[in-house]
Amino acid sequence: MDDFATRLLAWYDLHGRHDLPWQRDATPYHVWLSEIMLQQTQVATVIPYYERFTSRFPDIQTLAAAEADDVLHHWSGLGYYARARNLHKAAKMLVADFSGTFPADVEALQSLPGIGRSTAGAILSTALGGRAAILDGNVKRVLARFHAVEGWPGKNAVASRLWELAESHTPDCRVADYTQGIMDLGATLCTRSKPDCPRCPMADDCAALALGRQGEFPGRKPRKVIPTRTTSFVIAHTPKGELLLERRQPSGIWGGLWCFPEVDDDAGAIRYCEETLAVDVARTMALPTLRHSFSHYHLEISPLLLTLSKTPALIREGQELRCWPAEKAPAVGLAAPVKRLWEQAAEAIQNSGTGEDL
DNA sequence: AACCCGGGGCA
DNA sequence: TGCCCAGGGTT
């Protein structure tokens with residue numbers, strides 16, 4: 001075991017995190033689920049989702065047998081919904097092809113959707129007793145600093161170098177503790193901003209610290225200007241007090257989730273009601289515009305609440321439409337802004353019932 | 001407003 | 001192999 005691993009393990013025993021929800025009963029299922037949720041998402045955000053998800057889907061068989069809408073519902077607000085679709089698909093594959101148990105090798109794990117090299121390494125080393133390196137965001141930061149690895153880890157050459165280093169430091173024993181420890185170090189001391197070097201067990205040999213350049217590693221992603229797109233949402237309100245949603249395409253933004261029908265502008269919203277839903281619009285009310293940011297563009301959403309003169313027939317060629325009572329957002333997959341808008345619309349409807357005109 | 005984050009998919 | 005895509009939270 002190299003000195004890096006020795007010191008890291010000693011630090012982990014004293015100062016690492018030992019009480020995360022998925023550490024309580026570190027089954028492969030629990031570790032897998034946590035690792036998928038932790039992709040692109042911080043621990044504090046994940047915890048409440050993890051708790052809700054595991055109480056609804058306590059084991060892989062329950063997950064494999066569940067409805068996609070139910071799975072997406074429990075993912076709503078967490079983002080990157082492809083993760084949930086891949087998770088569900090992988091659960092079905094594990095039950096069908098591996099009798100519900102996880103294969104204990106990196107290759108087989110990586111053949112499952114949503115599991116790449118790092119996630120496979122984490123599952124194998126943390127829950128299956130194997131030896132494999134991981135390279136998540138925390139580990140990249142620790143290694144890039146310790147070895148002063150220049151460049152942005154999104155570049156292949158930089159990532160390859162970091163993987164080499166990750167492999168070389170991974171010990172032969174106590175791999176689970178080492179893996180958790182290096183993630184904990186990155187999450188608690190070797191943080192992106194204001195790293196706590198005085199408390200760091202690696203400080204003596206940290207190349208970035210020696211150079212006084214901790215803040216410069218890992219190298220930043222080259223950034224570019226991102227455009228703003230505008231869109232309008234049709235919030236159709238039926239005489240029964242229901243709101244209408246449409247299921248989105250399985251791929252792309254908010255894939256497979258339910259969303260208010262999307263049109264170009266207010267005129268398009270009226271046209272949508274009259275032509276697609278084939279009902280007249282009694283009243284309209286604009287709700288406040290909201291801005292939602294993606295990594296590659298900003299979306300400016302103009303929501304228009306439209307009171308329909310009668311309930312529309314919902315049989316449409318090639319699309320899925322459904323109405324739910326406005327009082328409560330339905331238990332299906334909803335993107336964060338859609339959920340927020342649903343609540344705003346419900347409030348606006350309630351207020352209009354107490355005398356205020358739409 | 002800038003920045004961060006693993007993996008899938010496609011040219 | 002090298003981009004592009006995707007959604008939240010944090011700073």
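Here is the naming used below: chain letters follow the sequence lines, and residue numbers restart at 1 for every chain.
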For Trp152(A) and Gly219(A) the tightest heavy-atom approach is CD1-O, 3.4 Å
Hey, does the side chain of His298(A) come within less than 4.0 Å of dA1(B)'s phosphate (OP1/OP2), counting only N and O?
-> no
Does one side chain, of Thr119(A) or Gln39(A), offer a donor that lies under 3.5 Å from an acceptor on the other?
-> yes
For Arg117(A) and dG6(B), is the shortest distance between a side-chain N/O and OP1 or OP2 below 4.0 Å?
-> no
Could you please name the option among dT11(C), dG7(C), dT10(C) that lies closest to any side-chain atom of Gln42(A)?
-> dT10(C)
Nucleotide dG8(B), atom C1' - distance to CG of Leu112(A) in whole Å | 14 Å
How close or far is atom P of dC5(B) from atom OH of Tyr80(A), stated in whole angstroms?
-> 11 Å
With heavy atoms under 4.0 Å as the rule, sort Thr41(A) into base, sugar-phosphate or nothing.
-> nothing
Which pairs, with at least one residue in residues 90-120 of chain A and sequence neighbours excluded, count as a ring-ring contact (aromatic ring centres under 6.0 Å, His included)?
-> Trp32(A)-Phe102(A)
Distance below 4.0 Å between Tyr81(A) side-chain N/O and dG8(C) OP1 or OP2 = yes
Between dC5(B), dG7(B), dG8(C), spot the one nearest the side chain of Thr119(A), thanks.
-> dG7(B)
Do His169(A) and Tyr178(A) have ring centroids that are under 6.0 Å from one another?
-> no
On DNA chain B, more 5' by nearest nucleotide between Gln110(A) and Arg220(A) is Arg220(A)
Taking the side chain of Arg192(A) as heavy atoms from C-beta outward, which of dT10(C), dC5(B), dG8(C) is closest to it?
-> dT10(C)
Position toward the 5' end of DNA chain C (nearest nucleotide), Asn156(A) or Arg85(A) = Asn156(A)
Of the listed nucleotides dG7(C), dG9(C), dC5(B), the one nearest the side chain of Thr45(A) = dG9(C)
Contacts table for residues 187-194 of chain A: side-chain donor-acceptor under 3.5 angstrom, sequence neighbours left out:
| unit_1 | atom_1 | unit_2 | atom_2 | d |
| --- | --- | --- | --- | --- |
| Thr188(A) | OG1 | Asp184(A) | O | 2.7 |
| Thr191(A) | OG1 | Ser193(A) | O | 2.9 |
| Thr191(A) | OG1 | Lys194(A) | O | 3.4 |

Any donor-acceptor N/O pair under 3.5 Å between dG7(B) base and Gln39(A) side chain | no
Please determine if a side-chain N or O atom of Ser251(A) lies less than 4.0 Å away from the OP1 or OP2 oxygen of dG9(B).
-> no
OP1 or OP2 of dC3(C) less than 4.0 angstrom from a side-chain nitrogen or oxygen of Lys155(A), does that happen here?
-> yes
